[in-house]
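Just so it is clear, the model here is predicted, and its values are computed rather than measured.
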Amino acid sequence: MAEAEGTFDALWDAEWESRLLERGMAKVRQYYKDGRTFEAFERAFVLNQEPEVVAAELGMSRESVYQAKTRVLARLRVELEGIGEELGE
């Protein structure tokens, strides 16, 4: 019985974290209205497309794709902290 509770708790926690991440990503997507910064991040580091290919298709340098990753992750951290504060975590 305790093992089943532990499994349920782990599943609940994973689902909760997934929902928080979705909410944070939605806020970050809105923050980067130019679209290219977020799209470069999403394609290269979420969808695992080659950064060189993403850069070429978006008309960016490879370095710009990596800068997009840094910027989006920093903004995502800020948004997730804000969401945590809203929820009292």
Any idea which heavy atoms bring A68 and A40 closest together, and the distance? CB-CB, 4.1 Å

Check whether any side-chain heavy atom of L47 lies under 4.5 Å from a side-chain heavy atom of V54, and answer yes or no. no

Check whether any side-chain heavy atom of F38 sits under 4.5 Å from a side-chain heavy atom of K33, and report yes or no. no

Say you draw a straight line from CG of L76 to CG of L80; how long is it, rounded to the nearest 0.5 Å? 4.5 Å

Can you tell me how far apart CE (M60) and CD (E39) are? Round to the nearest 0.5 Å. 9.0 Å

Which is it for Y32 and R75 under the side-chain contact (heavy atoms from CB on, under 4.5 Å) test, yes or no, and what are the steps along the way? CA-CA 10 Å; Y32 288 102; R75 186 67 198 180; 4.1 Å; yes

I would like to know whether E86 and K27 meet salt bridge (charged side-chain N to carboxylate O under 4.0 Å, His left out); could you show each step before the answer? CA-CA 14 Å; E86 287 174 16; K27 287 185 168 208; 3.5 Å; yes

Can you tell if the side chain of R71 reaches within under 4.5 Å of the side chain of F41, non-hydrogen atoms only? no

Does the distance from a Lys or Arg side-chain N to an Asp or Glu carboxylate O, for R36 and E42, drop under 4.0 Å? no

Co-membership, hydrophobic cluster, residues Y66 and V46, 4.5 Å side-chain: yes

Applying side-chain contact (heavy atoms from CB on, under 4.5 Å), run through F45 and V65 and close with a yes or a no. CA-CA 9 Å; F45 304 105; V65 173; 4.0 Å; yes

Would you call L73 and R77 a side-chain contact if the rule is heavy atoms closer than 4.5 Å? yes

Applying salt bridge (charged side-chain N to carboxylate O under 4.0 Å, His left out), run through E79 and R23 and close with a yes or a no. CA-CA 9 Å; E79 293 297 343; R23 188 170 171 190; over 6 Å; no

Closest non-hydrogen atoms of I83 and L20, given as atom of the first, atom of the second and distance, are CG2-CD2, 3.6 Å

